[in-house]
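Structure first, then comments.
Note that these values count all heavy atoms, side chains included, but never hydrogens, waters or copies made by symmetry.
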Amino acid sequence: MTTIARSTDTLTRDALTVLQPGFVGTTAPDWLLRRIGEGLTSVGLFGRNIATADQLAALTAQLRSERDDVLVAIDEEGGDVTRLEVRTGSSFPGNLALGSVDDTDLTRAVAHELGRRLAACGVDLNWAPSADVNSNPDNPVIGVRSFGADPQLVARHTAAYIEGLQSAGVAACTKHFPGHGDTAVDSHHALPRIDVDLDTLHARELVPFRAAIAAGSKSVMSAHILLPALDPTRPATLSPRVLTGLLREELGYDGLIVTDAVEMQAIASTYGIERGSVLAIAAGADALCVGGGLADEDTVLRLRDALVAAVRAGELPESRLADAAARVRALASWTRAARGSVAGPGAAEGAASGSDIGLVAARRALRVTGSAAPLSSPPYVASFTPVANIAVGDETPWGVGVELSALLPGTATGTYGPSADPSAVLAAAGSRRIVAVVRDEHRHPWMSSALSALLSARPDTVVIEMGVPQAAARGSVHIATHGAARVCGRAAAEALLPTPPLP
């Protein structure tokens, strides 16, 4: 075990403590281990860091060989946003599927099983759940990541998710405060603005966050969004009025406040990551997420040095930085104690085995409209594929082709983008029955147009919507899965068989 460098002064150690950086590779680079020895207390994992459960367990053990209280964080929402199963698709449906079932016991059980698998691999902080109320169906970044558009429904499932996850010894990080659901801009690309009054904010966006606080969420993640009713000049992540005035003082939250990734363009292109990080800590944030895009030692040193310089220049009170670092260490202490109290099977066994609650939930989330003869022979699956948002990424497979091929060997598949030619789909399908797979049809006119042409030529086409089912149901059979996780595809494929499994 590396001895923590005592020569590192308190101010520099505190600056390192509030960072939650990422890195490249499936083993920890030397620079990261060295900085952990100097005081870095958190590390963020992404899909690029994960190959297998055993490899992930070895990685987290390597990190903890430097200090046993290091926080290992991950962005594992389940559903469309998965890092643990980035190459296969998630074993768990996402929030919209759970919200559509509206069984809080089911949500709690899914979150507990997800947490159990994370804990088995040594992960103890999950940047989830999304508590955003998806009131804008055209939202380009939340969508199926939300439990729904009803604030009370979102609130009860947010609370259940937190309870389930934390009962497995994994700290929840409820996001994106004070609510990213009414946006038409992805904050990865630009700064969204939400023009609602305070009454609307309290009646809609804040309802799930109140429930999260009551449920004991160990951390809350801020959103890079501008809400003029709260602060007309600074986005929530950088706003004392939002983080300290609203979240701390008005809502009474005393846990860890984590920023969304500071290299997202909503911050990076307006304030820069160094200035943005200083302003975020000054505003009341306790930890700075960085590393989805900038994952190198230079980024860590730039942010560390910016915080130290701001304190020395009198721009950031040293007491504020010390308080932030203390909150990070307090959560690290909780997770270390939680690991000991819920110790279970080894990594591979713990991560891969156990309950099939995810598939059970995905089956219950299906909404089937129409009636037609089930598939009796291998079909042609035409997947109409939009560009994935950054949160979801383009590494994770989705659809029903693989699952239908397993159930009906000989199934053929094709993928079509914005230039899709329906005649090409018909030619490729030949005499096979067509299963058209769409994702947020209502947001993509090209997709809707291609589907209309396809249904005009082949009315017996099955339509499977794997995004937000906002468009009218059409096709001989229409199946809404409420998400594109692997288990959602499996459940939809099963529903097309003559004798589908019971939920």
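Tyr416 is linked by a ring pair (Phe, Tyr, Trp, His ring centres under 6.0 Å) to Phe384, counting only residues two or more places apart in sequence or in another chain. Among residues two or more places apart in sequence or in another chain, the ring pair (Phe, Tyr, Trp, His ring centres under 6.0 Å) test is passed with Phe147 by His157. Taking the side-chain contact (heavy atoms from CB on, under 4.5 Å) definition, one finds that Ile213 meets it with Leu247, Leu251, Tyr253, sequence neighbours left out. Qualifying ring pair (Phe, Tyr, Trp, His ring centres under 6.0 Å) partners for His482, counting only residues two or more places apart in sequence or in other chains: none. Among residues two or more places apart in sequence or in another chain, the side-chain contact (heavy atoms from CB on, under 4.5 Å) test is passed with Thr335 by Leu71, Asp124, Ala171, Leu331, Arg339. Partners of Ser91 under the side-chain contact (heavy atoms from CB on, under 4.5 Å) rule, at least two apart in sequence or in another chain, are Glu85, Arg117, Arg486.
Side-chain atoms of Ile225 and Arg193, non-hydrogen and from C-beta on, never get closer than 4.5 Å to each other. The shortest side-chain heavy-atom distance between Arg433 and Leu375 falls under the 4.5 Å cut-off. Residues Leu238 and His224 are not in side-chain contact: their nearest non-hydrogen atoms beyond the backbone lie 4.5 Å or more apart. Put simply, the side chain of Val258 does not reach to within 4.5 Å of the side chain of Asp286, judged on heavy atoms. Looking at heavy atoms from C-beta onward, Val435 lies in side-chain contact with Ile464 at the 4.5 angstrom threshold.
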Starting from the C-alpha separation in whole Å, work towards a yes-or-no answer on salt bridge (Lys or Arg N to Asp or Glu O under 4.0 Å) for Arg363 and Asp356. CA-CA 11 Å; Arg363 289 168 177 162; Asp356 64 350; 5.3 Å; no
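Side chain of Thr200 to backbone of Val196: no donor-acceptor contact under 3.5 angstrom is found. In this structure, the side chain of Ser277 does not engage the main chain of Leu303 through any donor-acceptor pair within 3.5 Å. Side-chain N or O atoms of Gln55 include one that pairs as donor or acceptor with a backbone N or O of Asn49 at under 3.5 Å.
Between Trp446 and His444, the ring planes lie tilted relative to each other; the angle falls in the 30° to 60° range. Using a 30° and 60° split on the angle between ring planes, Phe209 and Phe177 fall in the perpendicular class, above 60°.
The pair Glu441-Arg474 counts as a salt bridge, with a side-chain nitrogen and a carboxylate oxygen less than 4.0 angstrom apart. Look at Lys175 and Asp132 and you find no salt bridge, because none of the NZ, NE, NH1 or NH2 atoms lies under 4.0 Å from a carboxylate O. Classification of Asp75 and Arg83 as a salt-bridged pair holds, one side-chain N sitting under 4.0 Å from a carboxylate O.
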